[in-house]
Structure formats: structure tokens, C-alpha cells
Amino acid sequence: MSHLVLDVSNALSFSEYGELDDFQSAIDCIHKRLNSRTEQQENLLGWLNHPLTYDVDEFKHIQRAAITVQQGSEILLVIGIGGSYTGTRAAIEMLTHHFNNHLLRESRRFPQLFFVGNQLSSTYISDLIELLRDKDFSINIVSKSGRTLEPAIAFRIFRKILEEKYGKHGARSRIVVTTDRQEGRLIEMAMNEGYETFFIPPDIGGRFSVLTAVGLFPLAVSGIRIEELMEGAVVARTELSQRDIKHNNAYKYAVTRNVLYQGNKNIELFVSYEPNFHYFLEWWKQLFAESEGKSQKGIFPSTAIYSTDLHSLGQYVQEGPPNLFETILRVRKTNKDIRIERTNSNQDELNYLAGQTVDFVNNKIFEGTLQAHAENGIPNIVIEVPEVNAFTVGYLFYFFQLSCAVSGYLLGVNPFNQPGVEVYKEKVQTLLKQTTIKAR
């Protein structure tokens, strides 16, 4: 039995563009391509077998370095953007206390984690500097090239603060670099300064890198059992190795969304009923947007947290243009629950719910919304996992990475590059250099 249950019955029932079986020959070719050594060498496919082949010695090194940070720092500042940021934050939000950074120090066993370098708001950075003023902190800078503007600027700012606080030698022991092994500004700096360094495998791209040191080191610092995370990914790799669409949920999800796309459903609204899934949805959004949005093709990835967004987007989803479908990530068993008690006055008229739990009501909202949307012709894909733990999160990361790769191939694009991102970066660099020269 699979760790993940996929229900596409409310999606394919709306389609006039083929059945799953019609795509089996295409999937056979993609399956062969994914497992071809030539394809793996030419494209960034190292993530495919990474759960089975990762460097065990580096994994232990990560765990030891995490303990050092836990013992000497109240805060770990993680500097990164895109794939160097979203997966890490997603796992932390899903697997730690909702208000972990707000708990009293004695109530927390592990350092607080804060993120910077994922935007360039001077107000945010100034407020973070104020927060760190009287705190012991360490830095984890994550960047494959070291050239990405947002994290590079943030690292320059906070490294200076660290050096002023602890001296250059003391700061050196509080900086951990995650970068490319062979080239780039960051590896040169790390070698020159003697920083603790972990390496991003050269055959794994940024948005596929969360199960490498990119995510594993900060997750270990936050107290997450990263061995369980990798165990989930290993099981996913095993369960999702079959080429038959009907027995491979990753392939089935990829095919279903492409069937809907052929039927002019070009927006996918990825939904969770758990607010701590917000950054997992953001990770998914980057994964699919950068992988598929090419050559004037691609399903537009959007996200929502229900029931919150039912009170903003709900009207649009129910009665707006018929060009979207929903994918709902559902958790069967919540980790915590609250029972609704009976009151004598019943002024709120909620005694009919007495004895039920909040999660019970949340599930009824899910069921009712699913029915309402399906009856109005909105296709739904439901992905269900048994519970939220490190194992499940590792499984989900791998599931969506594989689904995304297959979906990109079905779409006819290279899911492992992002040429459009480089265009804006070049324009920004040109403008900044021109402005600086004029200012001089």
C-alpha cells in the first residue's frame, strides 16, 4: 500500500481529452528517459536517486555541525532565495510548533530560525538587525554560485555584523556555507576564510535540492530528524519506480494535470486546509512555475489555504472563468485536536456540534467545498497523506519533484532549466552598474 493516496476521479470525469491509458506509451518513453544514464548526465537529474546514493559521511557531518550551532547560538539565520530557501522553510513550518520563534527560550529545545536574502526589503532587514542585537547567532548562507543578488547582499550585511560582534576569528566559526564544490564566488570565499562548508551536488538544481545539505543542515539545527526525512524519500523512490501509470501516483498526477491542460484548464490551484503548509505550497509553486513555464506553455501554479481563502477566492473559484482546477493536499489524521464543548446558554447556537472536534468540522468543510466545486464543473485532484511527520514530508518532496519532471516532459519542455529567470537578472545587473557609474 502506498504512503500517499491519489484520487483523480473528480478530475478525469470532466475530461474529454483522453484516459490515463492513452498516455502510457508517452510515459514509457519518459520513464526510460529519466532512467537513462545519458539523460541523467546531460540534465540535472541527480535528485532522482539521491535518497539512495547520498553521501553518508556528509550526512553525519551535517548532524555534528547542527549540534555545534544548537549549543552556541540562540538563532540560525538562513540566507537564500528560491530553491535555496522555500523547501527549507516549508519543512520547518510543517514540522515544528506554529509559533516556535515566539515561544519563551526555556520552552524551546532548539534555536530559532529566521530567513533573509529571499527579498530586498530594507525595512525587513533593519528589523532583523534590531532583533539580533543582543542574541548569539550563526549564519547559513546557501547559494550555488554566490552571485545571486538578494542573498549576496544579505550575506555581506550580516557577516559584517557577525564580525563586529565576535571578531573575525569568532565569526568564522559561526558561518556555514552551502554552495558548489568547484566554482563560484562563495566557494572561493569559504576556502579563503576557513568557513564550515557543505556542497550542493552538481547534478541537482536549486528547486530540486531540499533533500541535500541545502535543506538538511538548517532542518537538523531546528531539531527535525533528517534521517526520517530521507527515509520518506527512499520509500517514495521505491514506490514511484513503476512505469505503469495506474500503479505510480506521481505519473498519474502528472498525466491528469496534463489531460486537464489539454482541456483548457490552464490554472492549477494547489490547496491545503492546514495553514502551516503555506510555505510547502510556495515551494510547489516555484517547482512547477520554473520547470514548466517555457515556450509559451505551462499550467499557471497558484495556491490557497482553505478555509481562509474560501472567504476571498471562493467566489471566483465557484463562479469565475472555467479555466482552473484544484489539487487538494489533505492530511487524514491531525497531530493535535480540540473538542467542542456544550454550553448551557447555547447563545452561538453551536450545541449541535457538541462532542465533535475542530478537525471534524474542518474535514466537513473540505467535503462540502469539494462537492460544491465538482457540481459546478471544477475538476479536483485529491492527494491524501496519513499524517504530518518528517517521513511524510520527505515523501512529499520526492513525489512532487518526480511528478514535476514527468509533467514537464509531457508538456514538451525541459523541466530542469530556467532561462527566463536569467533574463531579468541580466537586466537588473545592467541597471545597477549603469546607476553606480553615473553616481560616481
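Below, all heavy atoms of this structure are taken into account, side chains as well, without hydrogens, waters or symmetry copies.
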Asp21 and Lys246 ion-paired at < 4.0 Å: yes
Residue pair Arg108, Asn100: steps toward the side-chain hydrogen bond (donor to acceptor under 3.5 Å, both in side chains) verdict: CA-CA 7 Å; Arg108 285 183 288 102; Asn100 187 64; 5.4 Å; no
Flag, side chain of Ser272 to backbone of Ile305, donor-acceptor distance under 3.5 Å: no
Steps toward side-chain hydrogen bond (donor to acceptor under 3.5 Å, both in side chains) verdict (Ser2, Tyr395): CA-CA 11 Å; Ser2 173; Tyr395 190 105; 3.3 Å; yes
Side chain to side chain, Leu34 and Tyr409, heavy atoms closer than 4.5 Å: yes
Listed once per pair and sorted, the side-chain hydrogen bond (donor to acceptor under 3.5 Å, both in side chains) pairs that draw on residues 145-157, sequence neighbours left out: none
His97, NE2: over 12 other non-hydrogen atoms inside 6.0 angstrom: yes
Interatomic distance, Phe137 atom CZ to Leu113 atom CG [nearest 0.5 angstrom]: 13.5 Å
Tyr253 six-ring centre to Arg257 NZ/CZ under 6.0 Å and within 45° of normal: yes
Near-ring test Phe23/Tyr251, centroid separation under 6.0 angstrom: no
Sequence neighbours excluded, every pair satisfying salt bridge (charged side-chain N to carboxylate O under 4.0 Å, His left out) that has a member inside residues 44-62: none
Sidechain N-carboxylate O distance under 4.0 Å for Lys285, Glu282: yes
Trp47 vs Phe416 side-chain heavy atoms within contact, under 4.5 Å: yes
Ser291 side chain to Pro415 backbone, donor-acceptor under 3.5 Å: yes
Heavy-atom side-chain contact between Phe110 and Thr96 under 4.5 Å: no
Side chain to side chain contact (heavy atoms under 4.5 Å, CB included), paired with Tyr398, selected from Val235, Leu48, Val393: Leu48
Check: Gln24 and Val255 side chains under 4.5 Å, non-hydrogen atoms: no
Glu367, CD atom: more than 12 neighbouring heavy atoms under 6.0 Å: yes
Pairwise distance CG(Leu95) to CD1(Ile226) - rounded to 0.5 angstrom: 12.5 Å
Validation row: Ile383, Phe400 side chains within 4.5 angstrom (heavy atoms): yes
Working for side-chain hydrogen bond (donor to acceptor under 3.5 Å, both in side chains), residues Tyr306 and Glu326: CA-CA 12 Å; Tyr306 287 172; Glu326 292 173 299; 2.8 Å; yes
Parallel, tilted or perpendicular, as decided by the 30° and 60° cut-offs, for the rings of Tyr273 and Phe366: perpendicular
Non-hydrogen side-chain atoms of Asn248 and Asp244 separated by less than 4.5 Å: no
Intermediate values then yes/no, side-chain hydrogen bond (donor to acceptor under 3.5 Å, both in side chains), Asn362 and Ser307: CA-CA 8 Å; Asn362 205 27; Ser307 61; 5.0 Å; no
Distance (rounded to the nearest 0.5 Å) between Gln242 CD and Ile27 CD1: 13.0 Å
Salt bridge (charged side-chain N to carboxylate O under 4.0 Å, His left out): pairs with one or both residues in residues 192-211, sequence neighbours excluded: Lys168-Glu193, Arg172-Glu193, Arg207-Glu290
Close aromatic pair by centroid cut-off 6.0 Å: His50 and Phe208: no
